[in-house]
Trainee: 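Here you go, one structure.
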Amino acid sequence: MREVNAEALLSAIQDGKPWLKRFTGKAYDQAFQEYRARYAPLFREAALADGAEGIEALTEVLLDGLAEGWRRQKPWNRSLVQMEDKQMIVCFLGPMLMEDPVCAPLEEKLREGWAARWPKEAYQSAPREKIRKGFRPTFMGITLPFGGQEDEE
């Protein structure tokens with residue numbers, strides 16, 4: 001895999017501040033559509049590049065790139081950056097990869113690789129629709145007693 005591709009793919013995780021700002025009930029759908037339009041073709045191309053072996057290698061490149069990015073952070077900022085990267089994977093990258101049958105194995109390998117490297121920081125994945133249903137209707141910060149899908153897990 002070329003280095004330029006690795007940087008572009010890592011930016012889908014590491015450049016998350018604008019996306020995470022839009023992780024709200026009103027803005028998530030539009031933000032997700034824009035995120036998918038920008039990054040899905042890059043991940044699809046990378047996943048198709050070398051088959052199953054390529055997905056394994058891509059997973060390692062992504063996890064190594066994240067770890068290196070964290071090492072470059074100031075010690076007092078490192079845990080915040082790690083948390084934001086994890087949020088980007090859970091809220092945007094993972095659901096995007098799950099939607100594409102070509103990229104779904106990458107999502108699984110990324111989640112498994114993350115759990116193997118950082119077991120205390122393991123995460124669960126969910127499709128976009130499940131995440132979308134998790135937003136509670138609120139008014140001025142108060143949760144409204146209707147509109148939620150509480151019977152689903």
Side-chain angles (χ1 to χ4, degrees), residues 1-136 138 149 152-153:
M1 189 167 74
R2 293 178 297 164
E3 195 65 32
V4 174
N5 286 342
E7 289 177 18
L9 296 176
L10 280 168
S11 74
I13 302 167
Q14 293 174 324
D15 298 338
K17 286 195 187 300
W19 304 108
L20 292 174
K21 282 182 185 177
R22 297 172 64 193
F23 187 68
T24 65
K26 290 183 179 183
Y28 179 63
D29 287 332
Q30 181 66 33
F32 184 83
Q33 297 303 325
E34 292 171 18
Y35 182 87
R36 183 174 56 196
R38 182 173 180 177
Y39 293 111
L42 298 173
F43 277 90
R44 184 172 179 76
E45 179 183 334
L48 288 171
D50 296 319
E53 298 83 27
I55 288 178
E56 291 280 343
L58 179 57
T59 299
E60 292 303 312
V61 166
L62 290 172
L63 293 174
D64 289 344
L66 289 172
E68 180 58 34
W70 299 339
R71 278 191 285 276
R72 288 191 306 259
Q73 295 295 319
K74 304 285 186 199
W76 57 84
N77 194 40
R78 194 168 292 149
S79 61
L80 175 64
V81 172
Q82 289 171 335
M83 182 185 71
E84 288 174 348
D85 288 351
K86 184 176 172 181
Q87 283 179 296
M88 281 302 298
I89 292 171
V90 170
C91 300
F92 288 94
L93 180 63
M96 180 189 77
L97 295 175
M98 292 172 109
E99 287 183 352
D100 186 346
V102 171
C103 295
L106 174 59
E107 187 281 324
E108 184 177 339
K109 292 292 182 189
L110 188 61
R111 184 172 24 88
E112 291 170 357
W114 180 290
R117 288 184 187 212
W118 306 291
K120 291 182 180 180
E121 298 296 324
Y123 64 89
Q124 296 294 318
S125 297
R128 182 184 63 85
E129 284 304 316
K130 188 171 183 180
I131 291 172
R132 181 70 192 104
K133 289 179 181 177
F135 289 105
R136 294 187 183 96
T138 60
Q149 301 289 338
E152 290 188 21
E153 196 172 309

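The basis for the numbers below is simple: all heavy atoms, side chains too, and nothing from hydrogens, waters or symmetry mates. Note that the coordinates shown come from a computational prediction; the quantities given were computed from them, not determined experimentally.
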Trainee: Do Phe43 and Asp100 have side chains that get closer than 4.5 Å, going by heavy atoms?
Mentor: no
Trainee: Using a strict 4.0 Å threshold on nitrogen-to-oxygen distance, state whether Glu60 and Lys109 make a salt bridge.
Mentor: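 Lys109 and Glu60: not salt-bridged.
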Trainee: Within a strict 4.5 Å, meaning less than it, do heavy atoms of the Asp15 and Met88 side chains meet?
Mentor: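 Heavy-atom side-chain distance check fails, nothing below 4.5 Å.
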Trainee: Supply the atom-to-atom distance Leu106 CG to Thr59 OG1, rounded to the nearest 0.5 angstrom.
Mentor: 5.0 Å
Trainee: Among all residues two or more places apart in sequence or in another chain, which pass the ring pair (Phe, Tyr, Trp, His ring centres under 6.0 Å) test with Tyr39?
Mentor: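 With neighbours one apart ignored, the set is Tyr35.
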Trainee: Under 3.5 Å, side chain of Arg22 to main-chain N/O of Lys17, donor-acceptor pair present?
Mentor: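 No; judged by distance alone, with no hydrogens or angles, the pair does not exist.
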Trainee: Heavy-atom count check: over 12 atoms from other residues, nucleotides or ligands less than 6.0 Å from Gln124 CD?
Mentor: no
Trainee: Could you grab the distance from atom CD of Glu108 to atom CG of Leu97, nearest 0.5 Å is fine?
Mentor: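 The CD atom of Glu108 sits 12.0 Å away from the CG atom of Leu97.
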Trainee: Compare every heavy atom of Ala8 with every heavy atom of Ser11, then report the nearest pair and how far apart it is.
Mentor: OG-O, 2.6 Å
Trainee: Rounded at 0.5 Å granularity, tell me how far CG in Leu62 sits from CD in Gln14.
Mentor: 9.5 Å
Trainee: Does Arg117 reach the side chain of Asp64, with side-chain heavy atoms less than 4.5 Å apart?
Mentor: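 In contact.
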Trainee: About how many Å separate CG of Leu66 and CH2 of Trp114, when rounded to the nearest 0.5 Å?
Mentor: 6.0 Å
Trainee: Are Phe92 and Tyr28, when compared by the centres of their aromatic rings, separated by less than 6.0 Å?
Mentor: yes
Trainee: Once you round to the nearest 0.5 Å, how far does CZ of Arg128 lie from CD of Gln33?
Mentor: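 Spacing of CZ (Arg128) from CD (Gln33) equals 5.5 Å.
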Trainee: Which pair of heavy atoms, one from Pro119 and one from Ala116, lies closest together, and at what distance?
Mentor: CD-O, 3.9 Å
Trainee: What's the shortest heavy-atom distance between Val90 and Ile131, and which atoms?
Mentor: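 The answer is O-CD1, 3.4 Å.
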Trainee: Any heavy-atom pair between the side chains of Lys86 and Gln82 that's under 4.5 Å?
Mentor: no
Trainee: Would Leu58 and Leu9 count as a side-chain contact (heavy atoms from CB on, under 4.5 Å) here? Give the steps.
Mentor: CA-CA 10 Å; Leu58 179 57; Leu9 296 176; 3.4 Å; yes
Trainee: What is the distance from atom CD of Glu107 to atom OG of Ser125, rounded to the nearest 0.5 Å?
Mentor: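 Result: 3.5 Å between the selected atoms.
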Trainee: Do the side chain of Arg36 and the main chain of Met96 share a donor and acceptor less than 3.5 angstrom apart?
Mentor: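 Such a contact is absent between Arg36 side chain and Met96 backbone.
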Trainee: Salt bridge (charged side-chain N to carboxylate O under 4.0 Å, His left out) for Arg38 and Glu34? Distances and angles first, verdict last.
Mentor: CA-CA 6 Å; Arg38 182 173 180 177; Glu34 292 171 18; over 6 Å; no
Trainee: Could you tell me which residues satisfy side-chain contact (heavy atoms from CB on, under 4.5 Å) with Ala67, sequence neighbours excluded, listed by chain and number?
Mentor: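 By the side-chain contact (heavy atoms from CB on, under 4.5 Å) rule, Ala67 matches Arg71, Trp118.
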